[in-house]
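Protein chains get the first letters and strands the later ones, always in sequence-line order, with residue 1 at the start of each.
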Amino acid sequence: MANDSNRFQAIISHCKEYGFIFPSSEIYDGLQAVYDYGQWGSELKRNIRDYWWNSMTRMHENIVGIDAAIFMHPTIWKASGHVDNFNDPMIDNKDSKKRYRVDHLIEGYAEELVSGGRDSEAAALVKSMETLLASDDFGGLKKLIEDHKIKCPISGTSNWTDIRQFNLMFSTEFGSTVSTEDEDNKVYLRPETAQGIFVNFLNVQKTGRMKIPFGIAQVGKAFRNEIVARQFIFRMREFEQMEMQFFIRPGTQQEWYAYWKNERLQWHKSLGIPAEKFRFHDHVKLAHYADAACDIEFEFPIGFKELEGIHSRTDFDLRQHQEFSKKKMQYFDNDTDPSTGKPYGNYIPYVIETSIGLDRMFLAVMSYAYTEEDLSTPEKKDDRVVLKFPARLAPVKLAILPLTKKDGLPEIARGILEDCRSSFYCFYEEKDTIGKRYRRMDALGTPFCVTVDHQTREDNTVTIRHRDSMEQERVSIDQLKAIVTKAII
RNA sequence: GCGGAAGUAGCUCAUCUGGUAGAGCGACAGCUUCCCAAGCUGUAGGUAGCGGGUUCGAGUCCCGUCUUCCGCUCCA
C-alpha cells in the first residue's frame, strides 16, 4: 500500500467485493451516506453486537438490556435538548466559500470586541443574538451580522448568503392521514438511543428490582442528518449505537467515570487488538449535559477518530424528563450513608454513559484485520489478502473442504459439516483447487479450514489449517469441534 | 456547499487523432487422485452512469445531470 488513503480504498473495495458492505440502493445510483450490510458483513456485525451485548449483560449482574422503539414522544426531544440545541443555523461567505455556524461567527466577533476593550458592546451583541436564535429569526440574525459589518476571517468580506437551518433530526408524520399543517403529528427518528433508556429508567428499576449502581444497555438504530456525510461507514445517516447508561449515586460520578473509561478500554483490548491502536481524547468543551467526557479513539486508516464516547451526564436527562413529564424520576436509596448513619434517601441518579458506534466498531475491526501479504518466493510471485479477524468475530468459523470431490471424500466432509453447523458457522466447499479455496477463506477471514484427504478414510484424521500462519496440523475429526469452540469463546 | 479528478463486463483496465466494444482476473459447468491464487475445455455477463446535441456515423466531440474519489468546510 502506497499510503493510508489507498489502504482505505482497498478496504472499501474488499468490503464490497466479498459481500460485507454494499452502497445502499446502488442500482438507483446509491443513497448518500447509507450502506447495506451483505451476507458476511451482517454476520460480522452481529458477532460484534453479540460480543458487546453479552459482555455488558451476561457478564455484569447489575446491567440489563432493553430494546426501546425508535419512535418516541416528540416532547422527549424537547426535554433532551435535541430540538433546540442542535438546530444550528449556518451561513456561507460567498467569496471565501466558507461556511460558519451563525452563533460561532457572531461569538467570534464579540470576542474581538472584548479584546478591543468594547465589552459592553460585545455583551449587547451576544444578548441580541441569543434573543434572535431563540425565536428562529434568521432575517434578524443576518441583519445583525450586516449591521455589525462582521467579516469572514478568510476573505475579509461581508458578502453573506442567507442563513439556513441545519436539521439534525429526521422527522416523519404519525397517523394514517397526511396533514402537513399539523405539527402535533410530527415524530422524530431518534438521533440517539439513550433517551429510550432514560424514559424507561423507572420501569426497569422497579420491575427488575435494580439497586443503584446499575446499568441499562441497548443496541439500536439512530438517525442523524450530517452536513457532509462521507468516509464510508464512519459517518452514516442511519447507524447503530451500542449504549449503556449506568445509574449512580450523586457524588460518585468521578470514580464511576474512571471505572468505565478503564472497563471499556479493556473490552477493546480483550479482542486482541493492540493497545497502541487506541487512545483517549478528553473533551475540553463539554456538551450541555455533561460534566466530564472523553472519546476512545481508534487509529483508522484515515487517522485517529472517535470510536466510543464515555460521558458523565450528571442528572441532566432524568431531571429534564422529570420536568417535562411531571413524573418523579427519583430513586430511594436504602443504603446507609456512613456520614449520617441514615439511608441516603431519595435522589435523581447521576449517569455515566458509554456509547459506541457499532458501524464504527465494524470499521475498526475491518481496518485492523485487513492485511495484504506478499508470499513471493524466488521462483514465483504470490500474495494474498487476509482478514485477520479475532476468531470470535469472524463471520465463518470453519471451512470444510474435501481435497477432491471423489473417492467418498465429500461424504466424510458433509458428515463433519452436519456435526458442527449447529455449534458455529461452517462453510462447505468442494470446487476448485485446495489452494484457491484456502485463499478465498482468507479473504473472508475464516480462521480455520479443515481438509478431508485420503488419509482421512483410513484413520479418521483431517488437516486443520490456521488462517494467520497458514500452518497445518493433523487432528482427529472428533477433536474438531472442541478446537474451534475453544478459539471462538 | 465550493474547487479538482473520474465514471467501458463482478474486478483491473484497453479501444491510438469519432467508423457499429476487447483482454486479464473472477464467476458458472465439466476435466485434472492437485494440501496453499494464475493446468485444460466450454459457457454466461456490457444499449460505455443517465439525458440531450453535433455528425452519414460517438464510448470517443459539446452541453446538462447523477454518482464516486481527493482537497476545503462541518462534526453534540
Side-chain angles (χ1 to χ4, degrees), chain A residues 3 5-6 8-10 12-14 16-19 22-33 80-82 84-88 90-101 104 152 154-155 161 164 166 168-169 191-192 194 222 224-232 234-235 283 285-290 293 295 302 305-306 309 311 313 353 355 373 375-377 380-386 401-409 431-443 449-457 462-467 469-474:
Chain A
N3 58 49
S5 172
N6 283 355
F8 194 49
Q9 292 312 315
I12 294 167
S13 298
H14 192 86
K16 182 170 175 211
E17 209 45 38
Y18 287 88
F22 308 120
S24 163
S25 318
E26 196 183 7
I27 62 171
Y28 291 100
D29 279 338
L31 188 63
Q32 212 176 44
S80 70
H82 285 84
D84 298 325
N85 289 26
F86 294 115
N87 286 336
D88 303 321
M90 315 289 287
I91 192 165
D92 291 19
N93 183 274
K94 291 178 187 167
D95 297 316
S96 66
K97 309 294 187 193
K98 299 289 174 188
R99 170 173 295 172
Y100 300 92
R101 270 174 61 170
H104 287 178
C152 166
I154 307 294
S155 66
T161 64
R164 284 172 293 187
F166 163 59
L168 169 88
M169 290 192 287
E192 65 174 18
R224 297 181 192 183
N225 258 317
E226 300 287 353
I227 301 173
V228 177
R230 253 192 265 177
Q231 297 178 305
F232 195 42
F234 185 81
R235 179 167 282 122
H283 288 199
K285 195 180 168 217
L286 296 169
H288 61 278
Y289 52 74
D295 299 330
I302 47 178
K305 299 272 185 187
E306 177 186 349
H311 293 198
R313 291 181 80 127
E353 167 189 271
S355 173
E373 286 182 354
L375 303 172
S376 297
T377 59
K380 187 170 120 187
K381 265 184 82 70
D382 192 11
D383 57 64
R384 70 166 180 164
V385 172
V386 52
L401 317 169
L403 188 60
T404 70
K405 29 183 160 177
K406 287 184 172 175
D407 306 327
L409 268 37
K431 195 178 147 38
D432 287 319
T433 62
I434 192 68
K436 264 190 181 173
R437 284 179 274 169
Y438 285 153
R439 299 303 173 86
R440 271 204 288 265
M441 287 299 110
D442 288 341
C449 296
V450 297
T451 302
V452 175
D453 57 19
H454 294 87
Q455 190 182 329
T456 310
R457 294 193 303 177
V462 292
T463 59
I464 183 162
R465 181 246 193 200
H466 298 268
R467 177 194 65 200
S469 66
M470 298 171 71
E471 283 171 2
Q472 291 175 274
E473 53 182 321
R474 186 161 278 277

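Separation of atoms CG (Leu31(A)) and OG (Ser25(A)) is listed at 5.0 Å; rounding is to 0.5 Å. To the nearest 0.5 angstrom, Arg440(A) atom CZ is 11.0 Å from Cys449(A) atom SG. Within the model, atoms CZ of Arg465(A) and CG of Asp442(A) stand 4.0 Å from one another, a figure rounded to the nearest 0.5 Å. Here the straight-line distance linking atom OG1 of Thr404(A) with atom NE2 of His454(A) works out to 4.5 Å at 0.5 Å rounding.
In this entry the distance linking CD of Gln472(A) with P of C36(B) reads 8 Å, nearest Å. C74(B) atom P lies 18 Å from atom CG of Asn225(A), rounded to whole Å. For Asp453(A) and C36(B), the CG to C1' distance is 14 Å, given to the nearest whole Å. For the pair Arg439(A) CZ and C25(B) C1', the computed distance is 15 Å after rounding to whole Å. Between the OH atom of Tyr438(A) and the P atom of C34(B) there is a distance of 15 Å, rounded to whole Å. Rounded to whole Å, the distance from CG on Leu375(A) to P on A38(B) is 13 Å. Rounding to whole angstrom units, CD1 of residue Ile434(A) and P of U32(B) are separated by 17 Å. Between the CD1 atom of Ile464(A) and the P atom of C35(B) there is a distance of 18 Å, rounded to whole Å.
Only one option out of Asp432(A), Asp382(A), Asp383(A) pairs with Arg439(A) in a side-chain hydrogen bond (donor to acceptor under 3.5 Å, both in side chains); it is Asp382(A).
Distances from the side chain of Thr404(A) to the nucleotides C35(B), A37(B), C34(B) place C34(B) closest. Listed nucleotides C75(B), A38(B), C35(B) differ in distance to Arg235(A); the shortest reach to its side chain belongs to C75(B).
Proximity of a side-chain donor or acceptor of Thr463(A) to a complementary backbone N or O of Glu473(A) within less than 3.5 Å is not detected. Between the Arg384(A) side chain and the Glu373(A) main chain, no donor and acceptor come within less than 3.5 Å of each other. Between the Arg467(A) side chain and the Met441(A) main chain, no donor and acceptor come within less than 3.5 Å of each other.
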Using the 3.5 Å cut-off, write out each protein N or O paired with an N or O of nucleotides 27-30 of chain B and the distance between them.
from, atom 1, to, atom 2, distance (Å)
A27(B), OP1, Arg440(A), NH1, 2.7

Tabulated below should be each protein N or O lying under 3.5 Å from an N or O of nucleotides 67-69 of chain B; please produce it.
from, atom 1, to, atom 2, distance (Å)
C69(B), O3', Gln9(A), NE2, 3.2

Contacts under 3.5 Å, N or O only, protein and nucleotides 44-47 of chain B:
none

Provide a list of protein-nucleic acid N or O atom pairs under 3.5 angstrom, restricted to nucleotides 9-14 of chain B.
from, atom 1, to, atom 2, distance (Å)
G10(B), O2', Glu17(A), OE2, 3.2

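Using P as the reference atom, C35(B) and G46(B) are 38 Å apart when rounded to the nearest Å. Rounded to whole Å, the C1' atom of G39(B) lies 8 Å from the corresponding atom of U32(B). With both ends at atom P, the span from A5(B) to A44(B) equals 41 Å, rounded to whole Å. Comparing the C1' positions of C36(B) and G22(B) gives an interatomic distance of 32 Å, to the nearest angstrom. Taking atom C1' in both A76(B) and A14(B), the straight-line distance is 50 Å, to the nearest Å. Atom P of C72(B) sits at a distance of 34 Å from the matching atom of G10(B), rounded to the whole Å. Comparing the C1' positions of U60(B) and C34(B) gives an interatomic distance of 46 Å, to the nearest angstrom. Here the separation of U55(B) from C50(B), taken at their P atoms, is 23 Å to the nearest Å.
Remark: Glu17(A) pairs with no residue by the side-chain contact (heavy atoms from CB on, under 4.5 Å) rule, at least two apart or across chains.
With salt bridges taken as basic N to acidic carboxylate O contacts below 4.0 Å, one links Arg474(A) and Asp453(A).
When every heavy atom of Phe8(A) is checked against every heavy atom of Gln231(A), the shortest pair comes out as CZ-O, 4.1 Å.
For Lys406(A), no side-chain nitrogen or oxygen approaches OP1 or OP2 of C31(B) to under 4.0 Å.
At the heavy-atom level, Asp442(A) lies nowhere under 4.0 Å from the strands shown. No contact: Asp407(A) has no heavy atom under 4.0 Å from any strand.
Base orientation at G45(B) is syn, since its O4'-C1' glycosidic dihedral falls within 90° of 0.
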Toss me the dot-bracket line for RNA chain B: Watson-Crick and G-U wobble, both under 3.5 Å, 5' to 3', using | for pairs to another strand and [ ] for crossers. (((((((..((((.....[..)))).(((((.......))))).....(((((..]....))))))))))))....
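On a pure distance criterion of 3.5 Å, no polar donor-acceptor pair joins the side chain of Arg437(A) and the base of C36(B).
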